[in-house]
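Read through the structure below, which is laid out as structure tokens, and then see the notes.
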Amino acid sequence: MLKRLRTLFSRRGSRKEAVAASPAPLPVANASTPVHHGPRVVHQPIDREDLDLDAVKIVERLTRFDHGAYFVGGCVRDLLLGRHPKDFDIGTSATPRQIKRLFRNCRIIGRRFRLAHIYFQNGKIIEVATFRALDGADGNSDGAEEPIANNRDLLIRDDNVFGTPEEDALRRDFTINALFYDVNNETVLDYADGLGDLRRRLIRTIGDPETRFREDPIRILRAIKFAARLDFGFEAQTGAALRKTRNEIPRAAMPRILEELVRFCRGGASRQSFELMRETGVFDVVLPELREPYAREAEAWPLLVALLGQLDVERQANGREASMGELLSWLLMWPIARRR
């Protein structure tokens with residue numbers, strides 16, 4: 001009998017010790033904490049004949065050395081829209097120095113953000129960028145952002161912090177430019193519902209649009225360029241923020257502003273681009289000296305858009321690209337002629 005009692009008590013003691021030794025349950029995350037589930041991955045094979053073979057080789061070499069690498073940005077957008085991309089840009093987890101070690105024909109450029117340019121014998125350059133990290137000023141994926149003061153300086157001046165593919169996607173300007181294409185798996189990685197906005201034919205910023213335009217006012221001109229070139233509309237908040245922040249544009253470097261104006265003309269949609277600039281009030285901010293002549297003379301604006309429309313026809317017919325000198329001469333033609 002005593003033996004049985006000892007056995008019973010020893011079993012109870014071991015159970016208590018087992019309970020005490022068991023690990024405490026993991027804490028439950030706060031329901032208000034945003035949870036990132038990664039990208040929406042869509043199997044979307046793109047014909048290899050539509051891809052740049054040199055760019056494909058770069059991606060394959062990077063992945064062979066255990067670096068993540070994708071086609072990113074505008075080339076993915078254009079391929080999904082059935083358009084032929086002018087450039088094939090690559091995003092990777094490899095740092096610029098690691099890229100340079102893998103490619104002898106590589107040169108690192110840039111100060112605001114270091115990039116790797118890979119050169120080929122035919123003069124072609126393929127740009128390879130390391131994934132960038134989010135910072136406090138960038139939009140986040142759940143859309144919860146602090147309101148900003150009008151006098152707060154959000155202009156990005158240094159951008160050399162590297163990050164993950166998701167962070168890099170969420171740093172990009174518009175949802176339709178945040179699509180990545182995995183060549184090896186033939187899938188599209190969509191972190192910001194860019195596929196949805198392609199279907200809706202909308203230009204939408206990633207995160208708070210006013211914040212994004214204040215960070216880099218050139219995004220205002222880029223929004224106009226994409227809307228004109230793709231025949232897309234502005235998402236309501238993006239369009240309102242574009243008009244509200246248009247006076248920020250002069251804070252950007254003048255060479256970048258001029259470069260975007262020339263790109264209007266080289267994309268085959270210069271007429272639509274300048275019409276959108278005028279409609280949104282951006283024309284008066286970028287070219288304030290020309291505001292009064294084009295507002296005063298009823299014939300001035302129709303003449304300008306007719307010239308731009310003819311340029312678009314020639315661009316689509318034979319690929320002719322306008323120079324900065326041509327664009328300036330067209331813009332100044334009417335004001336100078338009326339002074340005589």
Side-chain angles (χ1 to χ4, degrees), residues 46 48 50-65 67-81 83-133 156-184 188-189 191-192 194 206 215-216 218-219 221-222 225-226 229 252-253 255-256 258-260 262-263 266-267 321:
I46 296 175
R48 284 277 176 137
D50 295 331
L51 303 178
D52 185 294
L53 295 182
D54 291 323
V56 170
K57 290 176 183 177
I58 293 172
V59 170
E60 291 175 341
R61 183 170 178 83
L62 286 166
T63 55
R64 191 162 61 247
F65 283 85
H67 300 296
Y70 309 99
F71 288 138
V72 298
C75 67
V76 182
R77 176 201 69 223
D78 288 346
L79 287 166
L80 294 175
L81 290 172
R83 303 163 66 96
H84 182 69
K86 182 180 179 182
D87 301 302
F88 283 80
D89 294 334
I90 296 169
T92 180
S93 60
T95 65
R97 290 184 179 277
Q98 289 172 327
I99 299 168
K100 189 173 178 62
R101 283 198 291 266
L102 290 178
F103 300 94
R104 288 186 296 178
N105 54 332
C106 173
R107 183 181 302 167
I108 298 175
I109 67 162
R111 186 170 62 181
R112 182 171 175 263
F113 182 70
R114 290 189 296 275
L115 298 168
H117 276 185
I118 299 180
Y119 293 78
F120 295 86
Q121 290 182 349
N122 57 5
K124 179 171 61 179
I125 301 173
I126 294 178
E127 186 173 281
V128 183
T130 307
F131 299 134
R132 293 175 295 173
I156 297 175
R157 294 182 173 85
D158 188 17
D159 203 10
N160 277 308
V161 182
F162 304 136
T164 65
E166 179 177 10
E167 289 179 314
D168 187 84
L170 296 179
R171 282 201 63 135
R172 292 175 180 267
D173 46 12
F174 307 108
T175 59
I176 59 173
N177 292 339
L179 298 166
F180 293 3
Y181 182 66
D182 187 333
V183 174
N184 298 313
V188 174
L189 281 66
Y191 291 94
I206 298 174
E215 285 174 348
D216 186 357
I218 293 297
R219 289 171 180 159
L221 298 178
R222 284 171 58 80
K225 175 180 66 179
F226 293 133
R229 189 178 298 178
R256 295 184 68 207
L258 293 175
E259 181 183 5
E260 287 300 325
V262 173
R263 285 179 176 176
R266 292 178 176 173
E321 293 188 350

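FYI, side chains are in, hydrogens and waters are out, and symmetry mates aren't considered; it's all heavy atoms of this structure.
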Heavy-atom donor-acceptor pair, Arg171 side chain to Ala133 backbone, under 3.5 Å: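 Present.
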Under 3.5 Å donor-acceptor, Thr92 side chain and Thr130 backbone: no
Rounded to the nearest 0.5 Å, what separation is found between the [atom1] atom of [X] and the [atom2] atom of [Y]?
X: Lys100; Y: Arg114; atom1: NZ; atom2: CZ; result: 13.0 Å
X: Thr175; Y: Arg77; atom1: OG1; atom2: CZ; result: 11.0 Å
X: Glu127; Y: Ile109; atom1: CD; atom2: CD1; result: 6.0 Å
X: Arg48; Y: Leu53; atom1: CZ; atom2: CG; result: 8.5 Å
X: Ser93; Y: Asp168; atom1: OG; atom2: CG; result: 11.0 Å

Residues, nucleotides or ligands: over 12 heavy atoms within 6.0 Å of Lys124 NZ: yes
Neighbour count above 12 (heavy atom, 6.0 Å) for Arg61 CZ: yes
Salt-bridge contact Asp216-Arg222 (side-chain N to carboxylate O under 4.0 Å):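 So Asp216 does not pair with Arg222 through a salt bridge.
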Lys/Arg N to Asp/Glu carboxylate O, Arg256 vs Glu259, below 4.0 Å: no
Work out which heavy atom in [X] is nearest to a heavy atom in [Y]; give both atom names and the distance.
X: Gly194; Y: Ile176; answer: O-CG2, 4.0 Å
X: Leu115; Y: Ala129; answer: CD2-CB, 3.4 Å
X: Ile126; Y: Ala55; answer: CD1-N, 3.5 Å
X: Tyr119; Y: Asn105; answer: O-ND2, 2.5 Å
X: Asp173; Y: Asn177; answer: OD1-ND2, 3.2 Å
X: Ile99; Y: Cys106; answer: CG2-SG, 4.1 Å

Beyond-backbone contact of Ile118 with Phe120, side-chain heavy atoms, under 4.5 angstrom: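 They are in side-chain contact.
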Asp78 and His84, any side-chain heavy atoms less than 4.5 Å apart: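 Not touching, per the 4.5 Å side-chain cut-off.
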Parallel, tilted or perpendicular: ring planes of Phe71 versus Tyr181, cut at 30 and 60 degrees: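 Phe71 vs Tyr181 ring planes: parallel.
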Mutual orientation of the aromatic rings belonging to Phe180 and Phe131 [parallel < 30°, tilted 30-60°, perpendicular > 60°]: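 Phe180 vs Phe131 ring planes: parallel.
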Single hit among Leu51, Val76, Val183 for side-chain contact (heavy atoms from CB on, under 4.5 Å) with Ile46: Leu51
Salt bridge (Lys or Arg N to Asp or Glu O under 4.0 Å) evaluation trace for Glu260 with Arg263: CA-CA 5 Å; Glu260 287 300 325; Arg263 285 179 176 176; 3.2 Å; yes
Residue pair Tyr191, Arg172: steps toward the side-chain contact (heavy atoms from CB on, under 4.5 Å) verdict: CA-CA 11 Å; Tyr191 291 94; Arg172 292 175 180 267; over 6 Å; no
Leu62 vs Tyr70, side-chain contact (heavy atoms from CB on, under 4.5 Å): CA-CA, chis, key distance, verdict: CA-CA 10 Å; Leu62 286 166; Tyr70 309 99; over 6 Å; no
Steps toward side-chain contact (heavy atoms from CB on, under 4.5 Å) verdict (Phe65, Gln98): CA-CA 10 Å; Phe65 283 85; Gln98 289 172 327; over 6 Å; no
